[in-house]
Each structure stands twice: as structure tokens, then as C-alpha cells.
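A short write-up of the structure that comes next.
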Number of protein chains: 2
Amino acid sequence: MVKTKIKNMEEFAQASGISRPTISKFFNDPSSVRESLKTKIEAALEKYDYYPNFYAINQNRQLTKNIGIVVPYVSDPFFAEIARNLERRCIDAGYTPFLFSSHGEQAQENAILDTLRSLKPAGVLMAPLGRRSSDKIKIEKFCKNVPTILFDSNIEGLGAAFIGSDNHSFISQTVEYLNSTGSAPSFFEMRYPANPNANKRREAYLKIMNDLKLKPQVISIEGTGWEFEEIGRQGALKLLRKNEMNSNTILCSNDRLAIGFLSACSEMGVKVGKTKSCDLRVSGCDDNPYSRFTSPPLTTAAHDYHTVSDNAALALFELINNGGKSKKRPETLYSAKLILRDSA
Amino acid sequence: MVKTKIKNMEEFAQASGISRPTISKFFNDPSSVRESLKTKIEAALEKYDYYPNFYAINQNRQLTKNIGIVVPYVSDPFFAEIARNLERRCIDAGYTPFLFSSHGEQAQENAILDTLRSLKPAGVLMAPLGRRSSDKIKIEKFCKNVPTILFDSNIEGLGAAFIGSDNHSFISQTVEYLNSTGSAPSFFEMRYPANPNANKRREAYLKIMNDLKLKPQVISIEGTGWEFEEIGRQGALKLLRKNEMNSNTILCSNDRLAIGFLSACSEMGVKVGKTKSCDLRVSGCDDNPYSRFTSPPLTTAAHDYHTVSDNAALALFELINNGGKSKKRPETLYSAKLILRDSA
DNA sequence: ATATTAAATTTACACGCGTAAAATACTTAA
DNA sequence: TTAAGTATTTTACGCGTGTAAATTTAATAT
């Protein structure tokens with residue numbers, strides 16, 4: 001059956017024998033029209049080929065049904081998974097998510113903010129790159145105009161709320177576990193990390209080690225960009241060759257570095273695990289989707305992806321329902337769940 | 001410095017002392033106005049706080065500068081990486097990419113098509129789920145209205161072009177290599193694969209084995225959804241326990257299954273590699289970003305991510321420049337590059 | 001300096017829908 | 001049946017920009 005092509009809502013209204021304002025109301029909220037008309041409109045939609053014009057709709061709506069999602073790097077499995085979860089929540093709540101990746105670049109993040117501002121979204125869920133302070137001004141200004149919830153990486157005072165993970169708990173649980181089952185870990189990180197959580201994790205490591213009256217060792221490796229596995233691998237190769245570790249236990253700042261570390265160990269014939277015959281214990285942070293498939297499977301501190309996604313989305317929906325205004329700026333931090341696998 | 005807030009282009013035109021149509025022309029293409037005015041406008045943009053309204057702009061443009069990118073599942077590292085590359089190309093070419101993930105669901109893919117139709121993009125780059133034939137009708141209709149290039153997974157006759165990989169070359173190169181360096185492989189796949197390329201790969205495997213006058217063995221494992229690693233791991237565990245393989249060499253339909261397979265081997269104490277002391281050789285398909293970090297690193301047939309992305313994007317740009325019309329429907333298939341690592 | 005050409009301005013309309021106000025039709029309950 | 005209340009229709013305007021046509025201004029060539 002070839003459906004009759006319909007140009008606009010006016011034509012569709014005439015074809016279906018219903019007034020245009022009612023059709024408009026229907027598209028805004030199908031339950032806002034009488035049941036009899038609803039079925040009539042739905043029947044007409046089956047019959048005719050009409051798609052409302054996205055631009056015309058949103059130009060005049062005081063509040064669009066679009067939600068912006070911004071992640072620093074879409075190819076990072078952690079952010080891909082978070083983005084996937086957030087999109088689901090938005091869709092299920094009747095919003096249309098628009099996913100943007102900053103590609104690890106400040107300029108791109110700024111461009112996205114401009115695009116988003118222009119998109120007049122009902123709200124935005126944003127994981128900022130959060131490196132330079134000059135960006136803070138841009139984001140600050142953006143948050144004043146658009147209801148925004150920050151997640152993953154906090155920027156003091158910006159947005160209506162922050163949902164993230166308690167980096168301290170990630171590190172403390174892991175260090176305590178490692179220390180009680182063997183030697184305390186050295187901390188393996190990028191010297192210039194792409195993600196600001198890395199700094200909090202280092203600080204947490206130093207604090208815990210100090211609390212436990214243990215001597216910390218921070219191993220900072222070179223490398224920039226978002227290819228963390230390769231950076232971790234190169235760093236680990238160097239480290240293993242020089243043999244400069246104070247400990248036979250390594251805590252990596254994140255799982256992607258750990259995956260690279262494990263790869264280097266495998267290459268160098270270093271046996272990783274917690275049994276006696278092993279040379280090294282390696283653990284990570286994040287519970288990256290790939291961490292359970294490494295060899296040996298990676299012991300790590302897990303984000304609760306679902307809880308973080310759910311609550312970030314819910315916080316945004318609430319913010320939207322309150323007209324984008326909020327008194328407080330709650331910061332919700334979720335604790336890690338230690339996932340014991342075979343690597344440590 | 002607090003910039004003066006500007007409501008619309010009219011106000012901005014007055015504030016900067018330039019006529020509105022010229023401002024409009026500038027935003028459309030900055031190089032289309034005289035240098036002196038260009039600098040004047042740019043100076044005004046610095047001074048005043050004006051952002052063109054996305055909806056008003058696109059409502060009247062005959063051709064928007066938006067490009068839709070649709071992938072089946074954004075958390076799949078292959079698609080995440082392809083999406084990242086495609087976004088880059090679009091941005092560099094002056095377009096605004098809008099990335100959508102079908103979340104592995106046909107209903108979602110259909111919803112995206114509706115959203116996209118409504119977004120009136122200049123063009124769309126789409127990797128379809130491509131399972132059911134009923135969807136074909138929806139996509140077919142969409143392609144008639146929107147300039148669309150298909151990639152990764154072909155649907156006969158749809159879209160203005162198809163850019164993908166030559167599944168046959170992926171399999172043939174690998175089988176020939178494996179056969180010449182050891183025993184010919186058994187083929188490890190999902191019984192009901194989420195991605196249609198899997199079927200082509202099985203067919204290619206059967207053909208090559210036949211050509212080489214070898215006895216094929218297809219091992220089809222259960223499991224649905226997009227958690228391929230876990231499906232591969234479970235399937236491999238069963239397989240290894242039953243010990244039903246005809247060969248000590250395994251060719252996995254894709255790297256994600258292979259990663260799961262390697263994980264199972266590690267768990268079962270099966271030593272994977274090509275040296276004499278190893279029990280099994282395992283190889284994959286795709287060169288997933290994680291494949292070089294497995295233990296042992298995975299031998300696989302690689303997509304050329306950059307070439308595929310570049311050419312899909314270029315094909316779309318050309319299509320757009322030709323007014324969305326094309327005579328032929330070229331199908332470009334790129335051959336695999338065999339990546340020899342330690343797993344096989 | 002004048003003619004020619006290119007660019008900018010003025011004016012005006014269009015795009016497709018949201019939305020408000022007033023008038024009308026329908027539904028529901030007494 | 002009637003009145004009250006609710007939903008729908010009619011009418012009309014506004015949103016912020018693209019874009020076309022005619023006119024004016026500026027740049028370039030002669």
C-alpha cells in the first residue's frame with residue numbers, strides 16, 4: 001500500500017478530519033486528547049505518510065523533549081557503556097537523546113556546548129573533560145542557560161548536581177584488600193592523565209598508604225591521548241625491564257591501563273595472579289566491560305553503571321520537572337564494589 | 001567581561017551595524033562575504049552573546065548541514081571506533097554529526113529513522129541491524145527520502161552506496177594462513193548472530209574449506225544479544241569441556257567472540273598460541289581495538305578503519321554535492337589485512 | 001573620472017508548528 | 001432533560017531564520 005504523502009500538519013489535519021491544534025496537542029501528549037480522537041488520529045497516521053517537522057516543533061516549544069548527552073570519548077568502553085545506559089533511560093522516559101563525544105578535545109567540547117545551546121534541550125547530562133580552568137568559564141556560562149547535570153567528573157559548583165563515583169572508596173577498598181592479602185600496591189598511572197578522576201585516585205592512594213603507615217610508590221608513565229591500553233602497555237614494558245617496582249603488587253589508576261599492563265606482562269613472560277607461582281598481582285579501577293575477559297581476569301573496583309546512569313537520569317528528569325531550577329547542588333558519590341578475580 | 005545578551009539575528013545585525021541577510025549569509029558560509037565585513041562580524045561575535053537558533057536555521061534551509069550516523073550498538077568497540085572516525089570526518093568537513101545507536105533493537109532503529117527523517121539531514125551514514133526482512137521496507141522508504149550510504153552491513157539495493165568489508169577475504173586469508181601453518185580451523189560462531197556479516201563469513205568459510213578439499217566444522221553456539229564476549233566465553237567453556245573439536249585451530253566469526261574464547265581457555269588452563277607447547281590456536285575477525293591486548297595477543301583479520309570511514313564519509317559528501325542523486329549504487333568492499341600476533 | 005561588476009541593503013514573504021482566546025460541540029451527572 | 005464542565009474547533013498571531021527581488025553602495029577596471 002502506498003501511503004499518501006502529506007506535507008505538513010495542516011494537510012494531515014484536513015485529511016484526517018481533525019483540527020490542527022488538536023493534532024498538535026496529540027503529538028505533544030497523546031493522552032491529552034479524547035480516546036475516540038486518539039484512535040482516529042492513530043488510524044490516520046497509519047493511512048497517511050506524515051512526519052512532524054522537528055525544527056518547526058521545537059522552535060516554538062517552550063521546552064523541547066530533547067536531552068543532550070556529552071561524553072569525553074565515545075570509544076572509551078566505560079563512556080560507551082554509560083552513554084548506552086543513559087540513552088536507554090532517556091528513551092524510556094519519552095525523551096530523545098542526542099549523544100555527543102568531545103573526542104578528547106577541548107575545542108570539540110566547546111563546539112558541542114554551542115550546538116547544544118542552540119538545540120535548546122530540556123536538559124543535558126555531561127561528563128566534562130575537565131582539564132583546563134579556562135574551560136570552566138565556558139561550561140559555567142552554559143550551565144546558567146541550560147539545566148545540566150554533571151557526571152563522572154566533577155567541576156566544583158557547576159551544573160545543578162553531580163553524580164559520580166567516590167574515587168576514595170575505589171582506592172581504599174582495593175589497597176586494603178591488597179595489603180591484607182599480600183604486599184601493599186604501587187600505584188600505576190599516567191603522568192598527565194586525560195581524566196581528572198585520576199588525580200583524585202592518586203591522592204586517595206597516597207592518603208590510604210599514609211594512614212596504613214606504608215611507604216607509597218607512585219609510578220607515573222608518559223603518554224598522552226586516549227589510547228590508554230597502549231600507553232599502559234608501553235609504560236609497563238619499560239617498568240618491567242627496569243625492574244624499578246618497590247612492590248610485587250600493582251594498582252592501576254584505571255582498567256584500561258591495567259589491560260595494557262597485563263598485555264605487557266604476558267609479552268614479557270611475567271606471570272600475573274594471586275597464587276604462589278605468580279610474579280605479580282595487578283588490579284584496576286572501573287570494571288571496564290573488558291576486564292572480566294583478560295587473562296587472568298582483572299581484579300578491580302567496579303562502578304555501578306546502572307545506579308549511576310539511573311540516578312543521573314532521574315536527577316535530570318527531576319530538574320526538568322522543576323523548571324530547571326534547583327536550590328542545592330547535591331553531589332552524589334557512589335562507592336565502589338570490589339570485584340575479586342584472578343589477577344590480584 | 002560580561003557580553004551583552006542578544007536575542008536574535010535581527011538584534012545582532014543592528015548591534016553590529018550590518019544587515020540581517022548578510023549576517024545570515026555569513027553563518028551559512030563565512031567566506032561568502034567580503035573580508036572587511038567578515039572581520040567586522042567576527043569582532044561583533046566576540047563582543048556580543050549571540051547564538052543562532054538551530055531550529056529556525058534549519059527550518060528554512062533547503063539543505064541542512066547535519067549528518068546522521070546510525071550504528072547498531074554504540075558499546076561495541078568496533079562500532080564505537082567507526083562512529084568516532086565518521087564523526088571526525090563530518091566535523092572536519094563542516095558538518096554537524098548526530099550519532100544514534102539502535103541499541104540492537106529493530107524498534108529503536110525504526111524510531112531513529114523517524115527522528116532522522118524529521119531532522120532532514122543532508123545525509124545519513126547507516127550501519128543497519130539488517131536482520132528481519134520487514135525492516136527492509138522501512139529502510140527502503142527512508143532511503144528514498146534521505147540521501148543514505150550504508151556501511152558495514154549491506155542490504156541489497158538500499159541506499160546510494162555500500163561501503164563495507166569483503167568478508168570472503170577476511171576468512172580466506174585467515175583459513176589459508178592457518179592451514180598452511182598447521183591444521184585447518186574449525187569455525188566458531190553464534191547460531192543466531194546479531195550481525196549479518198556473520199552469515200557471510202560462515203559461507204566464506206565453507207567455500208574455502210571446500211576449495212581446499214578440507215572437511216569443515218562449524219561450531220554454532222547458543223546465546224543472543226550483543227554481549228558477544230560472554231557468549232563466546234560460555235560457548236567455549238562448553239566446547240572445551242565436551243572436547244568436540246575436530247581441529248586444534250579455531251577461527252572465530254569475530255574478535256569479540258574470540259576474546260571470550262581466549263578468556264575461557266585461560267580459565268580452563270588451555271594454552272593458546274602457535275608454539276609447540278600450545279594446545280590450541282585461536283584467531284578472530286575485525287581487529288577489534290582490544291584484540292592486541294589479549295593474552296596471547298589475537299591473530300586476526302583487520303578492517304582498515306580509517307579507509308572505511310574515510311570512504312564512507314567521502315561517498316556521502318559526494319552524494320550530497322550531487323543533490324542526493326546517484327545513478328549507480330556502487331558497492332565497495334575492502335579486503336582484510338591479516339594481523340599475525342601470537343594466538344595463531 | 002567613468003563604466004562595469006560585485007557585494008550589501010532593503011523589503012517582504014515563507015517555513016511549519018506552538019499556542020492563546022473565543023466560540024462551539026460534546027460528555028457527564030444530577 | 002438540563003446544566004455544568006470539558007474537549008474541540010476556529011481564528012489568528014508569533015517564533016527566528018532562509019531567501020528572493022529590487023535597489024543601493026562599494027570595489028575594480030578602463
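Lettering follows sequence order; numbering is per chain, from 1.
Using cut-offs of 30° and 60° on the angle between ring planes, the pair A:Tyr50 and A:Phe27 is perpendicular. The aromatic rings of B:Tyr95 and B:Phe317 lie parallel to each other, their planes meeting at an angle below 30°, with 60° marking the opposite boundary.
Checking A:Asn53 against A:Asn8 by side-chain atom types alone, no donor-acceptor pair falls below 3.5 Å. Looking only at atom types and distance, the side chain of A:Glu81 has a donor-acceptor partner in the side chain of B:Ser75 under 3.5 Å away.
For A:Glu10 and D:dT10, the CD to P distance is 10 Å, given to the nearest whole Å. For A:Arg61 and C:dA20, the CZ to P distance is 13 Å, given to the nearest whole Å. Rounded to whole Å, atom C1' of C:dT19 lies 16 Å from atom CG of A:Asp29. If you take NZ of B:Lys7 and P of D:dG14, they are 12 Å apart, rounded to a whole angstrom. Whole-Å rounding puts the A:Asn53 CG to D:dG16 C1' distance at 14 Å. In this structure, the CG atom of B:Leu119 is 16 Å from the C1' atom of C:dC17, given to the nearest Å. When the C1' atom of C:dG16 is taken as reference, atom NZ of A:Lys25 falls 20 Å away, rounded to whole Å. Rounded to whole angstrom, the span from the CG atom of B:Asn66 across to the C1' atom of D:dG18 amounts to 15 Å.
The shortest distance between the side-chain N/O atoms of B:Ser19 and the OP1/OP2 oxygens of C:dA8 is not below 4.0 Å. Dashed line: the shortest gap from a side-chain N or O of B:Gln59 to OP1 or OP2 of D:dC15 is not under 4.0 Å. Contact check, A:Ser24 against C:dC17: no side-chain N or O comes under 4.0 Å of OP1 or OP2.
Under the 6.0 Å cut-off for aromatic ring centres, B:Phe98 and A:Phe98 qualify, their centroids lying closer than that.
Using a 4.0 Å heavy-atom criterion, one finds that A:Tyr50 contacts the sugar-phosphate atoms exclusively. Across all strands shown, A:Asn28 has heavy atoms under 4.0 Å from sugar-phosphate atoms exclusively, and none from any base.
The side-chain hydrogen bond (donor to acceptor under 3.5 Å, both in side chains) test with A:Gln106 singles out one residue from A:Glu109, A:Gln108, A:His103, and that residue is A:Glu109.
The backbone N or O of A:Lys328 lies less than 3.5 Å from a partner atom in the side chain of A:Ser326, making a donor-acceptor pair.
Taking a 6.0 Å sphere around CD of B:Glu331, one finds it holds more than 12 heavy atoms contributed by other residues, nucleotides or ligands. The number of heavy-atom neighbours closer than 6.0 Å to CD of B:Glu42, taken from other residues, nucleotides and ligands shown, is above 12.
Each of A:Ser36 and A:Phe27 was matched to the nucleotide of DNA chain C holding its nearest heavy atom; the match closer to the 5' end belongs to A:Phe27. Both B:Leu63 and B:Arg34 sit near DNA chain D, but only B:Leu63 has its closest nucleotide nearer the 5' end.
When all heavy atoms of B:Ala312 and B:Leu86 are compared, the closest pair comes out as CB-CD2, 4.3 Å.
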Pairing string of DNA chain D (Watson-Crick or G-U wobble, both atom distances under 3.5 Å; | = paired to other strand) is ||||||||||||||||||||||||||||||
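Comparing atom distances between the A:Leu37 side chain and each of C:dT9, C:dG18, D:dT8 picks out D:dT8 as nearest.
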Atom pairs, N/O to N/O, protein against nucleotides 11-14 of chain C, distance under 3.5 Å?
residue : atom : partner : partner atom : Å
C:dA12  : N6   : B:Arg20 : NH2          : 3.4

